[in-house]
**Q** 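Following this message is one structure expressed as C-alpha cells.
Index from 1, following the sequence. As a basis for the values below, the full set of heavy atoms in this structure was taken, side chains included, without hydrogen atoms, waters or symmetry mates. When a ligand or atom number is given, it counts from 1 through the structure's own listing order.
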Amino acid sequence: MQIIDSQFLVSNTDVQKCPINRLPDYAFIGRSNVGKSSLINALCNKKKLAKTSSRPGKTQLINHFLINKSWHLVDLPGYGYAKTSKTKKKVFQKYITEYFQKRKQLATAFVLIDIRHKPQSIDLDFMYWLGEKKIPFSIIFTKADKIKSNNVKVHVDQYFNIMNNQWSFLPNHFITSALKKNGLIEILNYIGKINCEL
Ligand code: GDP
C-alpha cells in the first residue's frame, strides 16, 4: 500500500470526540522524542503532517488523520505514569487508557521504541497493559540508522528476551528509520493487509 492522500482531521483529549464513522484507527504511540512525528511524516511522505516540535500543545492530544480516505492514522500523545491519589499504583494517563478501552474501531496499535536504548520499564509496562486488555499491537523500533546494523538484532533480542518471560507469544515488530525511509513499506503493507481483512 502507498499513502496517496493524507489530511489532518481533528485533535482532542476526549475519545468521545474522535471522528464518528466506521473507518479503522491505526494508533501510533511511544515516549516523547521516540521519532513518532518523523515516522508519521515519512509514512505519509509529507514534511509537516505531524508537527510535534512546532505545535507543542498537540503532543498532549489525540490527533486523527484521514489516510487515502479509507482509514485513520492516529497520533497519540506520549505515555507516562500518572499516580492515582488513593494508591501508589502506577497507571497510564486517563485519556490514553480511555482511548484504547473505548475506541471500538481501533484496528491495531503501533508502540514505538527507540532501538538505541536498553529495554525501559515504562515501554514494557505499557505493552503489558495492552496485552492484558487484549488490544492488538506491534512494535516499531525507530532510528535504526543510529546503531550499527549488527547491533539491531542484539537490541531487539534484549526486548524479546524480557517479553518472553511474560508473554505466551511475541508481537510483530518492524525495524525502521524515518531518516533512511527503511521499514516503512512493511508497515504500510501490514496496515493494507488488515484493512483487507476487516
Ligand atoms: P517525537 O517526539 O516522537 O515526535 O520525535 P520526533 O519525530 O520529533 O524526533 C525526535 C528527534 O529524533 C528529532 O531530532 C528527529 O530528527 C530524530 N529522529 C527521528 N527519527 C529518526 C530516524 O529515523 N533517524 C535519525 N537519525 N533521527 C531520527
**Q** Can you tell me if N33 contacts ligand 1 (heavy atom of the residue under 4.0 Å from the ligand)?
**A**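 Right, N33 reaches ligand 1.
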**Q** Centre-to-centre under 6.0 Å for F100 and F126, is that the case here?
**A**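 Yes: the rings meet the under 6.0 Å criterion.
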**Q** Between K180 and D145, is there a salt bridge with N-O shorter than 4.0 Å?
**A**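 Between K180 and D145 there is no salt bridge, as every charged N stays at least 4.0 Å from the carboxylate O atoms.
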**Q** Hey, looking at atom 20 (N) of ligand 1, which of S38, G78, A50 has the closest heavy atom?
**A**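 Minimum heavy-atom distance to atom 20 (N) of ligand 1 goes to S38.
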**Q** Can you list the ligand 1 atoms lying under 4.0 Å from a non-hydrogen atom of S177?
**A**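 Going through ligand 1 atom by atom, the ones under 4.0 Å from S177 are 23 (O).
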**Q** Consider every N or O of G35 and every N or O of ligand 1, then say whether any pair is closer than 3.5 Å.
**A**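 By distance alone, the answer is yes.
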**Q** Under 3.5 Å, which donor-acceptor pairs do the side chains of residues 132-141 form with other protein atoms, sequence neighbours left out?
**A**
none

**Q** Can you establish whether the number of heavy atoms outside Q2 located under 6.0 Å from its atom CD is more than 12?
**A**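 No, not enclosed.
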**Q** May I ask which of I29, D145, V34 has a heavy atom nearer to atom 22 (C) of ligand 1 than the others do?
**A**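 Checking each option, the heavy atom nearest atom 22 (C) of ligand 1 is found in D145.
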**Q** Is it the case that the ring center of H173 lies less than 6.0 angstrom away from the ring center of F160?
**A**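 Yes; H173 has its ring centre under 6.0 Å from that of F160.
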**Q** Under the salt bridge (charged side-chain N to carboxylate O under 4.0 Å, His left out) test, which residues partner K102, sequence neighbours left out?
**A**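 K102 satisfies salt bridge (charged side-chain N to carboxylate O under 4.0 Å, His left out) with E98 once adjacent residues are dropped.
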**Q** Got an N/O contact under 3.5 Å between S32 and ligand 1?
**A**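 By distance alone, the answer is no.
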**Q** With heavy atoms under 4.0 Å as the rule, classify the contact between K146 and ligand 1 as side chain, backbone, both or neither.
**A**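 Looking at K146 and ligand 1, just side chain atoms fall under 4.0 Å.
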